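See below for the structure under consideration.
All values derive from a computational prediction rather than experimental measurement.
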Amino acid sequence: MTKRDTVETVAQRIAANLRRHEVEFIFGQSLPSAVILAAEAIGIRQIAYRQENMGGAMADGYARLSGKVGVVAAQNGPAATLLVPPLAEALKASVPIVALVQDVERDQTDKNAFQDLDQIALFQSCTKWVRRVTVPERIDDYVDAAFTAAASGRAGPAALLLPADLLREEARAPIAARSRSLGHWPLDRVRPSDAALAEAAFLIASAQAPIVIAGGGVHCGGAAVELTLLQEYASLPVFTTNMGKGAVDEHHPLSAGVLGSLVGPRSLGRHTSALVDDADLVILIGTRTNQNGTDSWRQIPTKATIVHVDVDPAEIGRNYEAIRLVGDARETLAALREALQRIDLTRRKTGRATLEETIAACWKRFERDRRDVATSPSSPIRPERLMAELQHLLTGETTVVADASYSSMWVLGQLRAPVGGMRFITPRGLAGLGWGLPLAIGAKVARPDKPVIAIVGDGGFAHSWAELETMVRMKLPVAIVVLNNGILGFQRDAEAVKFGSYTSACHFAEVHHARLAEACGCPAVRVDDPSELAFQLRRGLSEGPLLIEVMTDPAAHPPLSLFANMDDAA
């Protein structure tokens with residue numbers, strides 16, 4: 001055995017630190033090679049993606065579902081630049097990712113070395129934290145700092161830049177050894193003061209018509225159980241944002257579904273939005289009060305008092321002045337329920353039966369309004385019919401992933417969560433096309449024994465269909481539904497509403513996606529008869545992998561407020 005064989009390199013030290021943080025998977029493409037080799041040597045599995053902008057989305061899906069920090073690796077240069085979109089999504093969606101990015105050798109910086117770029121500047125806009133390591137004795141410090149940045153406070157991505165020559169150097173023992181694991185999130189659990197909680201509890205008890213709007217922070221904080229307990233104890237009606245979908249059981253008599261911009265004809269929101277209009281107290285939980293979640297900031301009534309629970313102090317009061325409950329969603333809701341136990345909630349209980357009747361009537365009107373399309377026998381197939389068939393197969397253990405644009409809206413507006421805490425994963429941070437499949441692959445890595453189904457449009461799927469080979473090679477069976485309508489639906493419809501016409505890019509040439517899947521070794525079927533949907537969906541969820549190409553109606557669009565006037569006039 002040579003001296004080189006017995007010396008621990010910086011790359012090996014990084015791998016050892018990753019194992020200390022309970023990292024089991026790196027989403028990578030075998031670069032930085034020294035790190036991947038060292039990681040695989042100690043049992044950390046590489047999930048090797050094909051397209052360089054898909055690994056970050058896989059790490060995102062994994063982190064959202066596993067409760068652990070996702071780790072993605074990339075080469076310097078073009079691979080690094082293609083990490084920007086998924087890291088930006090993770091930043092907006094509050095998902096913790098540590099990106100390990102190779103950099104040029106230290107003595108080659110600013111000499112126009114091959115694939116040299118100012119990667120610190122590159123990642124500053126899309127991460128919470130970015131550093132370049134230059135000395136081997138600090139590697140433990142920097143790995144821990146990256147995980148701390150990603151998993152603490154409002155979670156998000158961190159980038160650690162690793163010069164290629166540094167990775168080959170001998171690792172020098174730190175002055176003080178580190179032993180703690182920082183790989184799970186949220187890293188810290190904080191809660192507001194007793195005084196702030198008491199004020200919020202008093203407002204809830206005394207309000208005439210309070211409502212809750214729960215966002216993605218409920219899932220990020222693992223707070224679904226506490227939200228359900230609060231909903232029941234204080235008799236509070238709960239809406240969710242797009243990213244909060246599944247935070248509560250949508251069959252609970254006080255659950256009013258997703259709102260946001262889904263308020264057009266045939267939507268649940270068209271009926272439930274009156275509850276928001278009439279609210280005198282709005283309790284926001286883990287939401288950024290963004291445009292889509294508030295229908296362009298029109299939904300929160302100006303007369304209402306607002307209580308805002310969020311782990312990020314800067315989000316509270318950003319768009320609506322609010323009583324501030326700064327803290328982790330789970331701890332804050334538990335403490336708020338405890339505060340409510342010291343207050344008379346007679347008013348909440350007295351009006352509960354009437355409130356439940358109102359919400360039940362909204363769901364019934366929604367079902368009546370969409371019955372014709374949800375049961376339509378026509379071909380091309382209505383997406384509502386597909387969602388109705390999928391609804392019967394959902395359990396609390398199913399993870400539903402959707403691509404951006406219409407795919408997300410069909411899932412969020414048409415499906416009904418059967419249990420609280422069920423995960424509907426959508427790229428609503430920036431809503432980039434193409435991330436449905438890689439998010440689903442990451443989710444399957446997180447829960448390999450649970451069913452995962454991805455709903456993607458033909459436009460978005462074209463960005464990522466190479467990852468079918470990744471799914472097959474890595475033995476990660478996902479059911480994939482491709483909604484093939486031959487168009488960029490939202491692009492066409494939005495342009496038509498705004499300009500009275502649409503651009504030539506909206507229509508595609510015909511693509512046989514089932515054959516593409518079969519070429520990658522993935523079983524596939526093309527469905528143009530809606531009576532076949534139930535069988536194929538059941539097959540995909542129970543057997544997998546399976547790509548189901550559904551030939552859908554190009555005229556169909558979700559009931560978004562943008563199209564409400566057009567739909568009302570139809």
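Rounding to the nearest 0.5 angstrom, the gap separating the OH atom in Tyr320 from the OG1 atom in Thr294 is 4.0 Å. Met409 contributes atom CE, which lies 5.5 Å from atom OG of Ser261 (distance to the nearest 0.5 angstrom). Atoms CD and CE, on Glu469 and Met471 in that order, are 10.0 Å from each other to the nearest 0.5 Å. Of the inter-residue distances, the one linking Arg64 atom CZ with Thr426 atom OG1 reads 6.5 Å to the nearest 0.5 angstrom. For the atom pair CD1 (Ile453) and CG (Leu394), the distance works out to 8.0 Å, reported to the nearest 0.5 Å.
Of the possible donor and acceptor atoms, none in the side chain of Glu22 sits under 3.5 Å from a partner among the backbone N and O of His184. Panel note: side chain Gln51, backbone His463; a donor-acceptor pair is recorded below 3.5 Å. Listed for the Arg298 side chain is a donor-acceptor partner under 3.5 Å among the backbone atoms of Asp295. Using modelled atom types, no side-chain atom of Thr241 and backbone atom of Gly293 make a donor-acceptor pair closer than 3.5 Å. Checking side-chain atoms of Lys444 against main-chain N and O of Lys450 turns up a donor-acceptor pair under 3.5 Å. Remark: side-chain polar atoms of Thr398 are paired, donor with acceptor, to backbone N or O of Thr395 under 3.5 angstrom. Put simply, the side chain of Lys92 never gets that close to the backbone of Leu430: no donor and acceptor are under 3.5 Å apart. Listed for the Trp410 side chain is no donor-acceptor partner under 3.5 Å among the backbone atoms of Ala402. Judged purely by atom type and a 3.5 angstrom limit, Ser255 uses its side chain to pair as donor or acceptor with the backbone of Asp249. Side chain of Arg416 to backbone of Gly257: no donor-acceptor contact under 3.5 angstrom is found.
Each ring pair (Phe, Tyr, Trp, His ring centres under 6.0 Å) pair with one or both residues in residues 219-266, not counting sequence neighbours, would appear here, but there are none.
Residues Glu384 and Arg266 are not paired through a salt bridge, judged by the lack of any N-O separation under 4.0 Å between the basic side chain and the carboxylate. Contact check on Glu226 versus Arg191 returns no salt bridge, with no Lys/Arg side-chain nitrogen under 4.0 Å from an Asp/Glu carboxylate oxygen.
Looking at every heavy atom in both residues, Leu437 comes nearest to Leu468 through CD2-N, 4.0 Å. Smallest separation of non-hydrogen atoms from Asp310 and Asp312: OD1-N, 2.9 Å. Here the closest heavy-atom approach between residue Ser267 and residue Phe366 is recorded as C-CD1, 3.5 Å. The two residues Leu91 and Arg154 come nearest to each other via the heavy atoms O-NH2, 3.5 Å. The shortest heavy-atom contact between Pro96 and Ala155 is CD-CB, 3.8 Å. When all heavy atoms of Ser464 and Gly434 are compared, the closest pair comes out as OG-O, 3.1 Å.
Around CZ of Arg50, the count of heavy atoms belonging to other residues, nucleotides or ligands within 6.0 Å does not exceed 12. With a 6.0 Å radius and a threshold of 12 heavy atoms from other residues, nucleotides or ligands, Arg515 has its CZ atom at or below the threshold.
Contact annotation: the side chain of Leu268 never approaches that of Val258 to less than 4.5 Å [non-hydrogen atoms, C-beta and beyond]. Ile300 has its side chain out of reach of Thr289: every pair of non-hydrogen atoms, C-beta onward, lies at least 4.5 Å apart. Residues Val400 and Lys245 form no side-chain contact, since every pair of their non-hydrogen atoms from C-beta on lies 4.5 Å or further apart. Leu281 has its side chain within reach of Val307: a pair of non-hydrogen atoms, C-beta onward, lies under 4.5 Å apart.
Each of Arg371, Arg370, Arg365, Lys364 was scored for a salt bridge (charged side-chain N to carboxylate O under 4.0 Å, His left out) with Glu367, with one residue passing: Arg370.
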